[in-house]
2 protein chains.
Amino acid sequence: MKDAMTPATTIERLPIYYRCLQKLDRMDVDVISSKDLGERIGIPSTQVRKDLSYYGEFGRRGVGYEVPVLLKHLRKILGLAQEWEIVLVGAGDLGHALSKYGGFKKLGLNINHVLDVDSDKVGSKLGDVEIQHIDELVDVVKENNVDIGIIAAPGDYAQEIADELVGAGVKAIWNFAPARIKLPPEIELRNEDLSIGLISLAYHLSRK
Amino acid sequence: MKDAMTPATTIERLPIYYRCLQKLDRMDVDVISSKDLGERIGIPSTQVRKDLSYYGEFGRRGVGYEVPVLLKHLRKILGLAQEWEIVLVGAGDLGHALSKYGGFKKLGLNINHVLDVDSDKVGSKLGDVEIQHIDELVDVVKENNVDIGIIAAPGDYAQEIADELVGAGVKAIWNFAPARIKLPPEIELRNEDLSIGLISLAYHLSRK
DNA sequence: TAGATTGTTAATCGATTAACAATC
DNA sequence: TAGATTGTTAATCGATTAACAATC
């Protein structure tokens, strides 16, 4: 666990570097300096170098960073070099939107299981994945060693679903329901609170 | 603009206070201390007091904060005391999910206009709002003095849509498309990058 | 008055940035 | 060698927290 003292802010920037590098790679750029990379994403070159320095020495002095090399290192650092088993709970509008979202596949992250309460939906497909009934939750998680659970269900059920997922062995939860949930500290939890983005726009607009 | 030196982190916490207070108000709690409020949301009492102090003195020493009073102040501070005109561009799965999302209405934020490219969708309703064709974008924005634009369209069109919205007079953009867009600095912009949440879970899981 | 809690100052902690030796 | 750029140390900046006088 070398990230004991890696700033949280550094970790948030790594995906941004990663995606910029993916783009550069597709453009067949093979070397990039911290200055150029930083300019593309609005981050000072010295911060780019400092962030990367928490994980190793990936560049060459006087030259810069080889795009494919840095990309490979970042893929490993970000945990994208391995396969993750991901279950989506809730096949409503948001569930559909998430499963179709272009950003995940590009990263090699696939939602491999989908659950819903509605028996009528069971058996139909969401993308490549067949929807299963939520009663199968524990079985699906246990049999497939599911790592990550995504909750796209109504707020009232979020805590209950989260507890069941964790009980069955899920180690990380991404909660889109408009309700904060609480879990033991060893479980990774992101409460994705969509209203905050909109409030923050209203806040800034109202003082102009 | 009293927030010249208000930390960005404070602004991010204000919505969290707001929603906790809304809940307390519904529970008919009428006074709360910074300590109790902080405990409910996992923030130290001293930070709660410091954050509020950027905007005024809302509590009574020895007593605490009157919930309805603080709520009213926060509503004003957050810009929720006024009506905002909001247009959603894209009535796909994500658009549907956003328009149904429970969190916004609770805050008094309503999506009042919806646009889509698909002529077949035009005329049908998304919630209470009739879908209009995207060709009407400029007219809709100008006639209604739309303040905020939400982009829930494919990544390839995001920049183009954003430019049109801004050209027509929109002052803030919330972009859900998996593509970073760039706008003049006077426009408030949130790039809501959904992949970052998932990557960050993978990152933390992979080093346990 | 005694107990509680605010608002704010000062101390601490953590993250960003500037500067520069190392080296390609 | 001269120019460029890294990796890292030290200085700066900004945010959090501790402490406490003010006051209900």
Side-chain angles (χ1 to χ4, degrees), chain A residues 1-17 20-21 24 29-74 77 196 200 203, chain B residues 1-17 20-21 24 29-74 77 196 200 203:
Chain A
M1 292 244 288
K2 53 182 150 188
D3 73 342
M5 57 336 191
T6 306
T9 43
T10 291
I11 296 165
E12 283 167 30
R13 281 187 296 267
L14 295 178
I16 302 170
Y17 300 149
C20 186
L21 286 161
L24 289 164
V29 176
D30 42 43
V31 173
I32 190 143
S33 67
S34 57
K35 186 160 166 289
D36 287 349
L37 180 57
E39 270 166 15
R40 282 170 178 277
I41 54 189
I43 289 175
S45 68
T46 136
Q47 182 136 74
V48 173
R49 297 202 298 282
K50 176 115 260 233
D51 284 341
L52 295 175
S53 77
Y54 290 106
Y55 302 95
E57 305 191 3
F58 306 127
R60 265 197 297 164
R61 290 161 197 245
V63 180
Y65 300 88
E66 276 181 54
V67 174
V69 172
L70 186 50
L71 208 40
K72 205 170 166 185
H73 282 292
L74 277 175
I77 292 166
I196 286 180
S200 128
Y203 172 89
Chain B
M1 291 242 290
K2 51 183 152 189
D3 73 343
M5 57 339 191
T6 306
T9 43
T10 291
I11 297 165
E12 283 167 31
R13 279 187 297 266
L14 295 178
I16 302 170
Y17 300 151
C20 187
L21 287 160
L24 289 164
V29 175
D30 41 44
V31 172
I32 190 144
S33 68
S34 58
K35 188 162 164 287
D36 287 349
L37 181 58
E39 271 167 14
R40 282 171 178 279
I41 54 190
I43 289 175
S45 68
T46 137
Q47 182 137 72
V48 172
R49 297 202 298 281
K50 176 113 260 233
D51 285 341
L52 296 174
S53 77
Y54 290 107
Y55 302 96
E57 304 190 3
F58 306 127
R60 266 197 296 162
R61 289 162 197 244
V63 180
Y65 300 87
E66 275 181 53
V67 173
V69 171
L70 187 50
L71 209 39
K72 205 171 165 184
H73 283 293
L74 276 176
I77 293 167
I196 287 179
S200 129
Y203 172 88

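Chain A is the first sequence line, chain B the second, and so forth, proteins listed ahead of strands; every chain is numbered from 1. In what follows, every heavy atom counts, from backbone to side chain, and hydrogens, waters and symmetry copies are set aside.
Atoms CG and NE2, on L21(B) and H73(B) in that order, are 12.0 Å from each other to the nearest 0.5 Å. Atoms CD1 and CG, on I77(B) and L70(B) in that order, are 7.5 Å from each other to the nearest 0.5 Å.
Atom CG in L37(B) sits roughly 10 Å away from atom P in dT6(C) (whole-Å rounding). Regarding L52(A), its CG atom lies at a distance of 15 Å from the C1' atom of dT16(C), rounded to whole Å. One can place CD1 of I32(B) at 15 Å from C1' of dT6(C), the figure rounded to the nearest angstrom. Rounded to whole Å, atom P of dC24(D) lies 10 Å from atom CD of E57(B). For L70(A) and dG7(D), the CG to C1' distance is 14 Å, given to the nearest whole Å. Between M5(B) atom CE and dT8(C) atom C1' there is a gap of 13 Å when expressed in whole angstrom units. One can place OH of Y65(A) at 12 Å from P of dT5(D), the figure rounded to the nearest angstrom. In this entry the distance linking CD of Q47(B) with C1' of dT8(C) reads 15 Å, nearest Å.
Toward the 5' end of DNA chain C, the nearer of the two residues R49(A) and T9(A), judged by each one's closest nucleotide, is T9(A). For the pair D51(A) and V63(A), nearest-nucleotide mapping onto DNA chain C gives the more 5' position to D51(A).
Applying the 4.0 Å criterion to OP1 and OP2 of dT6(C), one finds that S34(B) has a side-chain N or O inside that range. Between R60(A) and dA22(C) there is no side-chain N or O to OP1 or OP2 distance below 4.0 Å.
When all heavy atoms of V48(A) and I43(A) are compared, the closest pair comes out as CG2-CG2, 4.0 Å. M5(B) and Y54(B) make their closest contact through O-CE2, 4.2 Å (heavy atoms, listed as atom of the first residue, atom of the second, distance).
For dC13(C), the paired base is dG14(D) (Watson-Crick or G-U wobble, both distances below 3.5 Å). Pairing for dA22(C) goes to dT5(D), judged as Watson-Crick or G-U wobble with the two contacts each under 3.5 Å.
A donor and an acceptor atom never sit less than 3.5 Å apart when one is taken from the side chain of R61(A) and the other from the base of dT23(C).
Among the heavy atoms of the strands, none lies under 4.0 Å from S45(A). Heavy atoms of T10(A) sit nowhere under 4.0 angstrom from any nucleic acid atom. In this structure, K50(B) reaches the bases: a heavy-atom distance under 4.0 Å links it to at least one base atom across the strands shown. Residue contacts for T46(B): at a heavy-atom cut-off of 4.0 Å it reaches a base atom on one of the strands shown.
With a 4.5 Å cut-off on side-chain heavy atoms, F58(B) and V69(B) do not count as touching.
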